[in-house]
Amino acid sequence: MSVELETKIYQRGNKLNLILLVKEMLIDLYQSRFLAKQLAKRDISSSYRQSFLGIIWAFITPITTALVWIFINSSGAVSLEDTGVPYPVFVFTGTLLWSVLTESINMPITATREAKGLLSKINFPKEALILSGVYKILFNSTFKILLLVFFFIYFQILPTVALLWMPLTFLILIAFGVMVGLWLTPLGMLYNDVAKVIGMALRFIMYITPVVYTIPKDGLMKTLMELNPLTPILLINRNIILGLDINYLNYFFVLTAITVPLLLLALVIYRVSIPVIVERLSA
Amino acid sequence: MEKEVLVKVEGLSKKFCKSLKKSLKYGIHDLAANLMGKPTSDDLRPDEFWALKDINFELRRGECLGLIGHNGAGKSTLLKILNGLINPDHGKVTMRGRVGALIELGAGFNPILSGRENIYNNGAILGFTKQEIEDKVEEIIDFAEIREFIDMPVQNYSSGMRVRLGFAVAAQMEPDVLIIDEVLAVGDVGFVTKCFKQIDYILPNTAVIFVSHSMPMVSRISSHILLMEKGLIEYYGTDVSLGISEYYGKFTNTTQNVLLDDRAISDLKLIVKNGNKISWNENFDFKITFVNQKLEFIPTCL
């Protein structure tokens, strides 16, 4: 045989070379595009084929949250500060962006859980699961953005030049969420508690993130919100969409700069952890 | 000339844990150790046991290893390690070339989607490119013999049809190493024959590892036998019939064969008088001879 065969060696304590691992991970990620697309297509078409309301399920939570707050605000039960745009637009943008963020944070654990059966039977590039999750988030986001466009037209809000940055900041939002979720995945696969804690924590964190109201001028809430890394991620996106003043740009840059290396590292850890997880789940 | 070695297993061992809580805790330890690049220890922690212990074998292109043993002997664990799904705790596994695994047919099938859509899902998971699937989709449908139902949701397929479709997709792989785990049990005779024909066709260029509880199937395609028992190798060699008879020998521990349990009776022979031929509805004479190891005095016959 003149052709050199690809050789795989499995032994304990494989030498961990970070650069090599990142390289292998990126190659697998690149090569798993078709698989990722196919998995996303499979999940999307199967979930909508067995549903009447279909894509509407993607917005039901953000819209109901928004409606509750519109009601609270208009009834005067809570007095909120002026947001600079009509409150319904403000709150819809907030809840829709928040829903994309929470979807991104939850995605790695959910996607890996759903593929548990596959993972213990077939050897395929695991990165495909994450990539397919990102595809699904992007698919759902398209409809959420279309909904926003509809609100813009209804409330006659003119887009500004800043909107051109939106694809970039929106991708950063997704990448940040996926990164956070990926760090929690190895532990979350072993213990169910992790996914539950994330779900509960996010419900509280929403109130220290300016989703349905702006950052107050002073007080403990202001300090908490300004420390919360989700604040700049969400705020920059919303203010770009609504053409409002951009604040917390430095914090946003810092977060963007650390998201990329942390995401790569999380993907490598994910890759290394899967065999240990599969062993514990199927043993 | 002998062909090249594609699978090489040296001193392979793997431990498992009997308690779920402890297993999860060890999982965390192993995760941490793995990420630090530290090797796992050779000592068993509380509640652990060796699911595989010191497994060694080699397999060359064109050879077929029949992997047999009782439930829980460690066959599936061995396959998972060979397939790279879990890491060994000790020893080394070297796999050369493209590895195809028929461990579960129809992996990635979604019940709501049609057979045709699922060919793409399954194919993608098995590592085909989009182009490869598009080129082979007609061939796959024909091989599975379900053209009439190909656009029906897979949830309405019978289990046999699902296996057919799954095998048809997997049969398009051109692997260097093929791992088959008990997947042909559901198909009807015609389809199983067809599967074997396909395996025969790729065998000369492939190293096959075949797991089955059906000894006729094993003896039909294997050139080597690896008999496992409780994680250890009981027999490894090219004498297929010896391996299989040792496998059957394991059943002597069951109550039906209690006569042979303590090996008191050996060299049991059945001799039929007129040339070993027995015809239906005809009397025949036979003679049984055996050696009774525990015999202390000659019993009197009536």
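A, B, ... follow the sequence lines: proteins, then strands. Residue 1 opens every chain. From a predicted model like this one, the values you see are computed outputs, not experimental measurements.
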Q | Contact origin within A:K37 toward chain B - heavy atom pairs under 4.5 Å | A | side chain

Q. So which part of B:I133 gets closer than 4.5 Å to some heavy atom of chain A, the side chain, the backbone, both or neither?
A. side chain

Q) By a 4.5 Å heavy-atom criterion (distance strictly below it), what part of B:L126 contacts chain A: side chain, backbone, both, or neither? A) side chain

Q: Go through the atoms of A:I122 and report whether side chain, backbone, both or neither lie under 4.5 Å from a heavy atom of chain B.
A: both

Q: Measure B:N118 against the heavy atoms of chain A and call it side chain, backbone, both or neither at under 4.5 Å.
A: neither

Q: Output the option from B:V93, B:L79, B:I112 having the highest count of non-hydrogen pairs under 4.5 Å with chain A.
A: B:V93

**Q.** Side-chain heavy-atom pair B:T94, A:K8 within 4.5 angstrom cut-off
**A.** no

(Q) Surrounding CD1 of A:I19 (heavy atoms of other residues, nucleotides or ligands, distance under 6.0 Å), is the total greater than 12? (A) no

Q.
Using every non-hydrogen atom in the two residues, find where A:L118 and B:A107 come nearest and quote the distance to one decimal.
A. CD2-CB, 3.5 Å

**Q.** Under 4.5 Å from any heavy atom of chain A - which part of B:T129
**A.** backbone

Q. How many angstroms lie between atom CG of A:L39 and atom CD1 of B:I125, to the nearest 0.5 angstrom?
A. 5.0 Å

Q) What is the distance from atom OH of A:Y10 to atom NZ of B:K80, rounded to the nearest 0.5 Å? A) 14.5 Å

Q. Can you name the closest pair of heavy atoms from B:N83 and A:K121 and give their distance?
A. ND2-O, 3.6 Å

Q | Heavy atoms from other residues, nucleotides or ligands near CZ of B:F49 exceed 12 (cutoff 6.0 Å) | A | yes

Q: Kindly check if the number of other-residue, nucleotide or ligand heavy atoms within 6.0 Å of CD (B:Q155) is above 12?
A: yes

Q: Let me know if B:L12 has heavy atoms under 4.5 Å from chain A in its side chain, its backbone, both or neither.
A: neither

Q. Side chain, backbone, both or neither: which part of B:K15 has a heavy atom under 4.5 Å from chain A?
A. backbone

(Q) Ignoring hydrogens, what is the shortest heavy-atom contact between A:Y191 and B:K25? Give both atom names and the distance. (A) OH-N, 3.7 Å

Q. Atom CD1 in B:I86, atom CD1 in A:I274: separation rounded to 0.5 Å?
A. 13.5 Å

Q) In terms of heavy-atom pairs under 4.5 Å with chain A, which of B:I103, B:D176, B:L113 leads? A) B:L113

Q) Are A:T7 and B:M95 close enough that some pair of their side-chain heavy atoms sits under 4.5 Å apart? A) no

Q. Of the listed residues (B:G123, B:P111, B:G84, B:G91), which shares the most heavy-atom pairs with chain A below a 4.5 Å separation?
A. B:G84

Q: Quick one: closest heavy-atom pair of A:S46 and B:N110, and the distance?
A: OG-ND2, 3.1 Å

Q) What part of A:R49 gets closer than 4.5 Å to chain B, counting heavy atoms only: side chain, backbone, both or neither? A) side chain

**Q.** A:Y48, OH: over 12 other non-hydrogen atoms inside 6.0 angstrom
**A.** yes

Q: To the nearest 0.5 Å, tell me how far A:M189 CE sits from B:L31 CG.
A: 11.0 Å

Q. So with a 6.0 Å cut-off around CD of A:Q50, is the heavy-atom count from everything else above 12?
A. no

(Q) What I want to find out is whether A:E279 reaches B:K14 closely enough, with some N-O distance under 4.0 Å, to be called a salt bridge. (A) yes

Q | Nearest non-hydrogen partners of B:G27 and A:L190, listed with the distance | A | C-CD1, 4.0 Å

Q: With side-chain contact (heavy atoms from CB on, under 4.5 Å) as the test, would you mind laying out the steps for B:Y120 and A:K41 before giving the verdict?
A: CA-CA 10 Å; B:Y120 283 83; A:K41 205 168 129 190; over 6 Å; no

Q | Distance, nearest 0.5 Å, that separates CZ of A:R42 from CZ of B:F109 | A | 11.0 Å

Q. Distance from B:L82 atom CG to A:N123 atom CG, nearest 0.5 Å?
A. 11.5 Å

Q) Which heavy atom in B:L85 sits nearest to a heavy atom in A:L119, and how many Å separate them? A) CD2-O, 3.4 Å

